[in-house]
Amino acid sequence: MRGRRDKLEQIKSLGINPYPYNFKRSHFSVEITQNTDDFLEKEVQVSGRLMSKRGHGKTSFAHIMDSKGRIQLYVRKDRISEQDFELFGLLDIGDIVGIKGEVFVTRTGETTVKAKSVELLSKTLRPLPIVKEKQEGDEKVVFDQFADKELRYRQRYVDLIVNPEVRDVFVTRSKVISKIRHFFDNLGFLEVETPVLQPIYGGASARPFVTHHNALDMELYLRVADELYLKRLIVGGYDGVYEISKDFRNEGMDRFHNPEFTMMEVYVAYQDYHYMMELVETMVSSIAKDIYGKTKITHQGREIDLTPPWKRVKLFDSIEEYTGENLYGKSLDELRKVAKDLHIETEDFWREGKIIDEIFSEKVEPNLIQPTFITDYPVELSPLAKRHRDDPKLVERFEPFIVGGEIGNAFSELNDPIDQRERFLAQQKLLELGDDEAQMLDNDYLRALEYGMPPTAGLGIGIDRLVMLFTDQPSIRDVLLFPHMRPEKNE
RNA sequence: GAGGGUAUAGCUCAGCUGGUAGAGCAGCGGCCUUUUAAGCCGUUGGCCGAAGGUUCGAAUCCUUCUACCCUCACCA
C-alpha cells in the first residue's frame with residue numbers, strides 16, 4: 001500500500017487527476033473479442049480493471065477486465081505520448097483504466113487493443129489477490145486461486161473481481177428471480193409489498209427477531225413469513241398476489257439457513273393445492289428451460305430431471321416406503337415407540353404431528369433427490385392449511401423436495417374462520433407446552449377471514465435454495481452476496 | 001448448543017520428533033518492441049490469529065479465547 005500511495009503522488013505530479021469523472025466506452029471486451037473480424041484496424045475505447053501486466057521494456061502487454069470479460073492491451077512506447085507511457089508504467093494491477101486504440105490480432109492469435117492513449121480512471125490503494133490461469137488443452141488451470149471462504153464472504157467485492165464464476169452465480173440468481181416475476185406477471189398476478197415490521201408474527205413456525213419502535217414504545221417482530229398479510233389481500237378481492245421478499249428467522253445458521261433469506265409467496269383465489277403443484281412444476285421447469293435451454297440439470301454431480309409432471313407421494317405413503325411403518329392413525333405412544341425403534345430422539349412436548357414430521361425428515365427427506373411433491377400432512381402440523389376433502393385428520397398441503405431438501409410449502413388455504421380460530425388455540429397450547437416456534441393468535445387475521453376469503457391456493461418458495469439448485473452451489477452462502485457473518489475484529 | 005478441522009508475507013502455501021522463518025506469485029530496482037502462469041538478474045517484506053503457560057530456547061508442546069470451515073443438533 002505504501003508504494004501505491006507514492007505512485008498516486010507521482011501521478012498527481014504529472015498533472016493527472018487519478019479519480020476523473022467519466023469515460024466514454026465504445027464497446028465491451030467481449031463484443032470485440034467475439035467479433036474480431038468486424039473490428040480489425042478499427043478504433044475502440046475500452047475500459048476496465050487492470051488484471052495483469054507484462055512489461056517488455058519499451059512495450060507492454062496487459063489485460064483489462066470489464067463486466068463482461070477480458071481483453072488484452074498492447075502498449076508501445078512509440079505509439080503513445082510520453083506522458084501516457086510514463087503513466088502506464090505507474091499503473092498497478094487493480095487500477096481502473098480507459099484505453100483508446102486499434103484492434104489487431106497478435107501472432108499468437110489473441111485479439112488485442114493497441115493503445116493510442118491511456119487514461120487512469122481510478123487508482124487503487126490495496127493490492128488485489130493475484131490469480132493466474134493457464135490454458136492446458138481444453139482445461140483452464142487456475143493458480144493461487146483466491147479461495148479463503150472467510151475472506152471471500154467478508155470481502156465479496158474482491159471475490160467478485162477475482163473469481164468470474166462467482167459473478168456468474170449472481171447473474172443467474174438475478175435471472176431466476178426475474179423469470180419468477182415474469183411468470184407470475186404473465187398469469188396476471190399482482191406483485192405487492194407487505195410489512196416487514198409486524199406486531200404479531202405468523203405464517204410459519206419459527207422464532208422471530210424482536211425489535212423496538214421508539215415512538216410507539218412497543219415491540220415489533222421482523223416477519224418470519226408474508227402469508228397472513230397476503231391472504232388478507234385475497235380477502236380484499238385480488239385474484240392473485242405475490243411477494244418476493246426477505247424473511248427473518250432467529251435460528252441457527254448452516255449451509256441451508258441464513259438468518260435473513262429470500263422468500264417468494266403467491267396466493268391464488270378459487271384454486272386448490274392441485275393447481276399449485278402444477279404451477280410449481282411448470283414454473284421451476286420453465287426457469288430451467290429459460291436459463292439452460294433444457295429441463296434436466298446437474299446439481300453436485302447428480303442429474304436432476306425437472307420435467308413435469310413431478311412425482312406426487314402422500315406423506316404417510318412415503319414414510320411407509322422408507323421405514324416399512326404405516327404411521328397413519330397411530331397413537332402418541334405408538335409413534336414414540338416407532339421413533340425409538342428408528343433411533344430418532346423425541347422431545348416430551350412433541351405431539352403426534354411433530355413426531356411424524358421428525359421421522360419423515362430423518363428417513364424420507366434425504367432420499368427425495370428427483371423432484372417430488374409430498375402431500376397430505378397431519379392437521380396439527382399445519383395450522384393455516386385447509387382440511388383434506390377426504391380426511392379431516394389431514395390437510396391439503398404439499399412440499400416440493402429436490403436433492404433431499406424442501407424448496408417450498410403450499411396448501412389449499414384454510415378459509416373457515418371458526419376452524420382457523422381453533423387451530424390458533426391449539427398453537428397457543430403448544431406455546432404453553434414449551435414449543436417456542438408455535439404460532440401466535442392473530443385476531444385481525446381471523447376478522448379478515450370472517451369477512452370471507454374465497455377458496456385459495458397458497459405457496460411459498462425458498463428462493464435461495466432454488467438458486468442453489470440452479471447454480472450448482474452447495475451452500476446458501478454461495479448464493480448470497482453478503483451472507484451473515486460475525487463481525488470481524490477492528491483492524 | 002456438541003464434536004472435528006483450519007489460522008504462517010498482500011495472495012496461494014511449505015516449515016518433520018522444539019534450535020530462532022521459507023517458496024511461488026504480487027511488490028520494489030535493473031534488462032527486454034508480439035507476451036500471456038512472459039522471461040532473466042537483484043531485492044524489500046512476517047508480533048507465525050490473540051493471551052497466558054512449559055522450556056535454556058516455542059510457528060512447533062499445553063491452556064484459554066477469537067474467527068472461519070465441516071458434521072451433528074435446532075430449524076424450512
Side-chain angles (χ1 to χ4, degrees), chain A residues 1-4 6-7 51-63 70-80 85 92-94 104-112 114 124-136 140-155 158-159 161-163 203-207 224-225 247 249-259 261 263 344-345 347 354 357-358 361-362 365 381 399-401 405-410 435-437 460-465 474-478 483-489 491:
Chain A
M1 277 186 66
R2 186 64 198 277
R4 296 199 177 205
D6 292 346
K7 284 186 194 170
M51 296 305 284
S52 65
K53 202 179 161 193
R54 296 178 291 279
H56 297 263
K58 295 185 179 60
T59 157
S60 196
F61 285 93
H63 276 93
R70 294 185 182 211
I71 190 164
Q72 182 167 254
L73 306 179
Y74 179 50
V75 176
R76 277 174 72 118
K77 192 166 197 280
D78 58 10
R79 297 296 298 266
I80 60 174
F85 191 75
D92 290 301
I93 288 172
F104 77 110
V105 176
T106 64
R107 66 177 173 213
T108 52
E110 180 163 354
T111 305
T112 303
K114 192 184 289 177
T124 55
L125 295 181
R126 280 183 194 266
L128 219 50
I130 304 294
V131 180
K132 299 203 171 188
E133 46 190 54
K134 182 182 171 185
Q135 204 68 30
E136 274 192 358
K140 196 167 78 172
V141 189
V142 179
F143 298 85
D144 298 338
Q145 184 160 40
F146 179 63
D148 184 298
K149 284 192 174 169
E150 181 172 4
L151 285 177
R152 286 185 45 221
Y153 297 150
R154 286 195 195 281
Q155 302 183 35
V158 176
D159 192 26
I161 292 168
V162 147
N163 294 324
S205 305
R207 278 174 291 184
V224 298
D247 286 353
R249 298 189 185 175
N250 210 336
E251 318 274 7
M253 294 157 57
D254 59 30
R255 67 195 182 91
F256 294 108
H257 299 266
N258 196 65
F261 62 101
M263 177 75 109
I344 292 166
E345 286 179 35
E347 300 279 350
K354 180 69 185 165
D357 190 41
E358 197 60 26
S361 335
E362 283 294 314
E365 220 179 297
L381 274 178
E399 294 185 314
F401 288 86
E406 84 186 87
I407 59 158
N409 186 17
D435 184 351
D436 57 359
E437 276 142 14
I461 292 274
I463 296 295
D464 309 291
R465 291 183 186 180
S475 168
I476 196 169
R477 293 182 200 102
D478 294 314
H484 190 78
M485 304 285 273
R486 284 195 174 81
E488 62 185 322
K489 282 174 279 181
E491 277 181 52

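Using cut-offs of 30° and 60° for the angle between ring planes, the A/F104 and A/Y74 rings count as tilted.
For a distance-only test at 3.5 Å, the side chain of A/Q72 qualifies as a donor-acceptor partner of the base of B/rU35. A donor-acceptor contact under 3.5 Å is not formed by the side chain of A/D254 with the base of B/rC75.
Using a 4.5 Å heavy-atom threshold, the side chains of A/E251 and A/H257 count as separate. With a 4.5 Å cut-off on side-chain heavy atoms, A/D464 and A/N258 do not count as touching.
In terms of position along RNA chain B, the nucleotide closest to A/K134 lies nearer the 5' end than the nucleotide closest to the other residue of the pair A/K134 and A/R154.
Which of B/rA73, B/rA37, B/rC74 sits closest to the side chain of A/R207 comes down to B/rC74. In the set B/rC25, B/rC75, B/rC70, B/rC25 carries the atom at the smallest distance from any side-chain atom of A/I130. Distances were taken from every side-chain heavy atom of A/R255 (C-beta onward) to each of B/rA26, B/rU71, B/rC68; the shortest belongs to B/rU71. Comparing B/rC11, B/rC68, B/rU35 by their nearest atom to the side chain of A/T112 picks out B/rU35. Ranking B/rA67, B/rU12, B/rC74 by closeness to the A/D148 side chain, first place goes to B/rU12. When distances run from any side-chain atom of A/K132 to the nucleotides B/rA67, B/rA38, B/rC69, the shortest one goes to B/rA38.
Distance A/F256 CZ to B/rC70 P: 11 Å, rounded to the nearest Å. Atom CZ in A/R465 sits roughly 13 Å away from atom P in B/rC75 (whole-Å rounding). Computed from coordinates, the A/M253 CE to B/rC68 C1' distance equals 11 Å when rounded to whole Å. If you measure from atom CE of A/M485 to atom P of B/rU66, you get 16 Å, rounded to the nearest angstrom. Distance A/E150 CD to B/rU66 C1': 10 Å, rounded to the nearest Å. Atom NE2 of A/H257 is separated from atom C1' of B/rC72 by 13 Å (rounded to the nearest Å). For A/F146 and B/rA26, the CZ to C1' distance is 14 Å, given to the nearest whole Å.
Rounded to the nearest 0.5 Å, atoms NE2 (A/H484) and CE (A/M253) are 5.5 Å apart. Atom OG of A/S60 and atom CZ of A/F85 lie 7.0 Å apart (nearest 0.5 Å). The structure places CZ of A/R465 at 9.5 Å from CE of A/M263, a figure rounded to the nearest 0.5 Å.
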Could you spell out the base pairing of RNA chain B in dot-bracket, with Watson-Crick or G-U pairs whose two distances are under 3.5 Å, [ ] crossing and | to another strand?
(((((((..((((.....[..)))).(((((.......))))).....(((((..]....))))))))))))....
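Across B/rA59 and B/rU66, the matching P atoms stand 24 Å from one another, rounded to whole Å. Here, B/rA51 and B/rU8 have their P atoms 15 Å apart, quoted to the whole Å. B/rG15 and B/rA7 have their C1' atoms separated by 15 Å, with the value rounded to a whole Å. For the P atom pair drawn from B/rU12 and B/rU54, the interatomic distance equals 35 Å after rounding to whole Å. Comparing the same atom, P, in B/rG5 and in B/rC75 gives a spacing of 28 Å after rounding to whole Å. The separation of B/rU44 from B/rG27, taken at their C1' atoms, amounts to 8 Å, rounded to a whole angstrom. A distance of about 32 Å separates the C1' atoms of B/rC11 and B/rG52, rounded to the whole Å. Comparing B/rA9 with B/rA14, their P atoms sit 12 Å apart, to the nearest whole Å.
No more than 12 heavy atoms of other residues, nucleotides or ligands sit less than 6.0 Å from atom CZ of A/R79.
Contact between the side-chain N/O atoms of A/R54 and the OP1/OP2 oxygens of B/rU35 is not found at any separation under 4.0 Å.
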Heavy atoms under 4.0 Å is the rule here; annotate nucleotides 27-34 of chain B 5' to 3' with B where the base is hit, S where only the sugar-phosphate is, and - elsewhere.
-S---BBB
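Salt-bridge check for A/K132 with A/D144: failed, with every basic side-chain N at 4.0 Å or more from each acidic carboxylate O.
Under a 3.5 Å cut-off, the side chain of A/D92 and the backbone N or O of A/P127 do not form any donor-acceptor pair. Side-chain atoms of A/N163 come within 3.5 Å of backbone N or O of A/F146 as a donor-acceptor pair. In terms of modelled atom types and a separation under 3.5 Å, the side chain of A/R255 and the main chain of A/P474 share a donor-acceptor contact.
Nucleic acid contact class of A/Q155 (heavy atoms, under 4.0 Å, all strands): none.
A/R126 and A/Q155 are not linked by any side-chain donor-acceptor pair at a separation below 3.5 angstrom, with hydrogens and angles left out of the test.
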Write out a two-atom table: protein N or O, nucleotide N or O from nucleotides 41-45 of chain B, distance below 3.5 Å.
none

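Each of A/R154, A/K149, A/R152 was evaluated against A/D159; a single residue qualifies, A/R152, per the side-chain hydrogen bond (donor to acceptor under 3.5 Å, both in side chains) test.
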